[in-house]
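Start at 1 and go down the list; that is how both ligands and their atoms are numbered.
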Amino acid sequence: MIKENIALIRQRMAQAAKAAGRDPSEILLCAATKMNTAEAVREAIACGVDCCGENRVQELVEKSALNAYEGKPVHFIGHLQTNKVKQVVGHVDLIQSVDRLALLECIEKEAAKQNIVQDILFEINIGAEESKSGFTPLEAVELAAKIEEFPHVFLRGLMAIPPISKKIGDNCRFFQKIQRISVDISAKKSHNSSMEILSMGMTDDFEDAIACGSTMIRVGTAIFGARNY
Ligand SMILES: *Cc1c(COP(=O)(O)O)cnc(C)c1O
């Protein structure tokens, strides 16, 4: 089933890219693997997802120990507590969910200690929702302008989770806003940033996200089926 699901998503991605006049190869499929087993993750990788995104540190650690992500990059995409930074920095290819200054400072410190440069994205709370974490657009732009003060991170782009959409097209304005913020940030050059990743779009809205410039969609349900909470 995972195989058929991924094939269908790839088709829909290609269609959405084409409709937007984009090359489908510009858009990566990140499997949002939370609450799915190492075995399911391995199957998704075998069926051609480009990377995996994990939400919880404990799941990341457990599945890593089982070599679940072998062959593809693994990203952290969930809310990260500062006391767990050590288990993530240097263990993932990209931390997509850098959502506050205190976390950025903590990642910088840990990466310096390990003598590495950690790739990160800034998470934007694009719908200004109280229930979600993330920078405001202004905070993100201001902090990106100072990113050289954090030489052990490399800012690769932005991630956003807009409000739950009720119908197709609802989230386009949020996705467009993210794209504009990314253009604003990339206008100010720095040694350790390049706005190449726009991580936006999930099961219910990835086609809209692709229409608005997404370069990475994070899909869980459409790959693995509904999660059993
Ligand atoms: C769960 C999750 C997704 C995927 O959500 P689906 O609607 O199941 O596709 C994407 N991004 C993040 C950060 C998530 O936690």
Checklist entry - Hey, what do you get for NZ (Lys3) to CG (Leu8), rounding to the nearest 0.5 Å? => result 14.0 Å

Checklist entry - Taking everything shown except Asp23 itself, do over 12 heavy atoms lie less than 6.0 Å from its CG? => result yes

Next on the checklist: If the condition is salt bridge (Lys or Arg N to Asp or Glu O under 4.0 Å), which residues does Arg180 pass it with, not counting sequence neighbours?
Outcome noted: none

Checklist entry - Residues two or more places apart in sequence or in another chain: which of them pass salt bridge (Lys or Arg N to Asp or Glu O under 4.0 Å) with Glu108? => result none

Checklist entry - Atom CG in Asp50, atom CD1 in Ile217: separation rounded to 0.5 Å? => result 9.5 Å

Checklist outcome for this item: Sequence neighbours excluded, the answer for salt bridge (Lys or Arg N to Asp or Glu O under 4.0 Å) partners of Glu62 is none

Checklist outcome for this item: Residues with a heavy atom under 4.0 Å from ligand 1, by chain and number, are Ala32, Lys34, Asn55, Ile77, Ile161, Met202, Thr203, Arg218, Val219, Gly220, Thr221, Arg227

